[in-house]
Amino acid sequence: MGVLTGLIRDLTARLGGRRSSTPDQVRELLDKREVDQAALALNSLAPHVPDRELVLLCLRGEVAFRRHEDEAADQLFREALALAPGLADAHYGLSLVMLAREDQESALRHAQFSVNLGSAPRFSAQLGLCQLAQGNHVRAKEALMRATRLDPH
């Protein structure tokens, strides 16, 4: 019943002229540095996305981070973690913020949590960057190679 409901919502949105977006589409826009487009896409995030509110918090945090609004990003990621302490995307986001603040130990800790909790290539890439920032070249290489194995692009 849930899948059918989601399909009906998507079809209704498309017929009504509204296109819904997926979290992956928003992340693609962020990867292309199309931050404003990503922010707009958040407004049309598909209603049937699992844990939609948590996903929205983390994606809004990533948008804020890309806009150099680190305090807002930090707050959004922490709000997501308060609701779901084991949320890999929120730990990844806090790692981004902490590394930008040059708090390398906290960044590394959150990156490690994200890798332990999820398998997205960006988690391993962030862990590699954190290891590199700390001068751990062998560990950085391992994490970055894992990221490229997961996604060669």
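Along the sequence shown, residues are numbered consecutively beginning with 1.
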- Message: For Arg122, is there an ion pair with Asp31 - N to carboxylate O distance below 4.0 angstrom?
- Response: no
- Message: Check this for me: Gln134, atom CD, are more than 12 non-hydrogen atoms of other residues, nucleotides or ligands nearer than 6.0 Å?
- Response: yes
- Residue that, paired with Ser106, satisfies side chain to side chain donor-acceptor pair (under 3.5 Å) out of Glu102, Arg109, His110: Arg109
- Message: Is any side-chain heavy atom of Arg52 closer than 4.5 Å to one of Val55?
- Response: no
- Under-4.0 Å salt bridge between Arg78 and Asp74: yes
- Is there a donor-acceptor pair under 3.5 Å between the side chain of Ser95 and the backbone N or O of Ala107? yes
- Taking only Lys NZ, Arg NE, NH1 and NH2, and the carboxylate oxygens of Asp or Glu, determine whether Arg101 and Glu71 approach each other closer than 4.0 Å. yes
- Query: Would you say Leu87 and Leu117 make side-chain contact, with heavy atoms under 4.5 Å?
  - Reply: no
- Any salt bridge between Asp151 and Arg146, counting N to O under 4.0 Å? no
- Heavy atoms only: give me the nearest Leu129-Leu144 pair and the separation to one decimal. N-CD2, 4.4 Å
- Query: Heavy-atom count around Arg27 CZ within 6.0 Å, excluding the residue itself: above 12?
  - Reply: yes
- Query: Does some side-chain heavy atom of Leu42 sit less than 4.5 Å from a side-chain heavy atom of Val26?
  - Reply: yes
- Query: Sub-3.5 Å donor-acceptor pair from the side chain of His91 to the main-chain atoms of Phe123, do we have one?
  - Reply: no
